[in-house]
Amino acid sequence: MTDTATTGRALPHPERDEIRLESVLHALSDPMRLLIVRELATTGAELTCSQFELPVTKSTTTHHFRVLRESGVIRQVYRGTAKMNGLRRDDLDGLFPGLLDSLLTAADRQAGRLGGSV
């Protein structure tokens with residue numbers, strides 16, 4: 001697991017060939033984590049942790065980001081004092097073609113069916 005961060009505060013990430021389907025599916029099985037991934041996919045850009053409005057405590061939010069990072073779904077890097085989060089779409093699409101798009105489409109349909117809930 002490696003990462004290069006501009007400040008030297010590197011966070012562990014699995015290399016592309018270390019990402020496992022079971023870990024990705026587990027990470028995306030939680031509604032809050034799925035919400036994070038949907039927002040990252042929609043914006044297509046890196047976002048700071050504070051840009052997400054999650055109805056959970058800060059420590060729970062930190063846990064969700066850690067699970068997503070350690071599963072290989074997102075990449076987190078420090079830029080100054082901000083921890084930036086980006087979706088590892090290229091890695092996920094390369095390893096599991098169509099999986100991310102299928103899950104995001106299904107999540108959008110479910111949100112529409114349930115009135116905006118994940």
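Quick caveat: nothing in here was measured; it's all calculated off a predicted structure. Computed from heavy atoms alone, side chains included, the values below leave out hydrogens, waters and symmetry copies. We number each residue from 1, following the sequence as shown.
Rounded to the nearest 0.5 angstrom, His63 NE2 and Thr57 OG1 are separated by 10.5 Å. Lys83 contributes atom NZ, which lies 6.0 Å from atom OG1 of Thr62 (distance to the nearest 0.5 angstrom). Rounding to the nearest 0.5 angstrom, the gap separating the OG1 atom in Thr60 from the CG atom in Asp30 is 10.0 Å. Between atom CZ of residue Arg69 and atom CG of residue Leu11 there is a gap of 5.0 Å, rounded to the nearest 0.5 Å. Note that CG of Leu28 and CZ of Arg38 are 12.0 Å apart. Values are rounded to the nearest 0.5 Å. Taking CG of Leu104 as the start and CG of Leu34 as the end, the distance is 7.0 Å to the nearest 0.5 Å.
Of the possible polar contacts, none joining the Asn85 side chain to the Gln76 backbone as a donor-acceptor pair under 3.5 Å is found.
Across every non-hydrogen atom of Arg33 and Ala27, the tightest pair is NE-O, 2.8 Å. For Met32 against Pro55, the heavy-atom pair with the smallest separation is SD-CD, 3.6 Å. Nearest approach of Thr48 to Ala82, heavy atoms of both residues: CG2-CB, 3.9 Å. Annotation for Gly72 and Arg88: closest pair O-CD, 3.3 Å, computed over non-hydrogen atoms. Residues Ser71 and Ile19 come closest through the heavy atom pair O-CG2, 3.6 Å. When all heavy atoms are compared, the tightest approach of His13 to Ile74 is CD2-O, 3.7 Å.
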Go through the steps to decide whether Val73 and Ile36 satisfy the test side chain to side chain contact (heavy atoms under 4.5 Å, CB included), and finish with yes or no.
CA-CA 10 Å; Val73 174; Ile36 292 167; over 6 Å; no
Derivation of the side chain to side chain contact (heavy atoms under 4.5 Å, CB included) call for Leu87 and Leu100: CA-CA 10 Å; Leu87 187 59; Leu100 187 58; 3.8 Å; yes
Original post:
Hey, mind stepping through Glu46 and Gln51 against side chain to side chain contact (heavy atoms under 4.5 Å, CB included) and telling me if it holds?
Top reply: CA-CA 10 Å; Glu46 290 183 337; Gln51 289 179 278; over 6 Å; no
Original post:
Taking it one step at a time, do Phe52 and Thr61 satisfy side chain to side chain contact (heavy atoms under 4.5 Å, CB included)?
Top reply: CA-CA 9 Å; Phe52 294 88; Thr61 298; 5.9 Å; no
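No single ILVMFWY cluster, assembled from side-chain heavy atoms under 4.5 Å apart, contains both Leu92 and Val67.
More than 12 heavy atoms of other shown residues, nucleotides or ligands fall within 6.0 angstrom of atom CD in Glu22. Atom CZ of Arg20 sits in a sparse spot, with 12 or fewer heavy atoms from other residues, nucleotides or ligands closer than 6.0 Å.
Counting only residues at least two apart or in different chains, salt bridge (Lys or Arg N to Asp or Glu O under 4.0 Å) contacts with residues 56-68 comprise Arg66-Glu70.
Within the 4.5 Å cutoff, the side chain of Val37 has heavy atoms near those of the Leu68 side chain.
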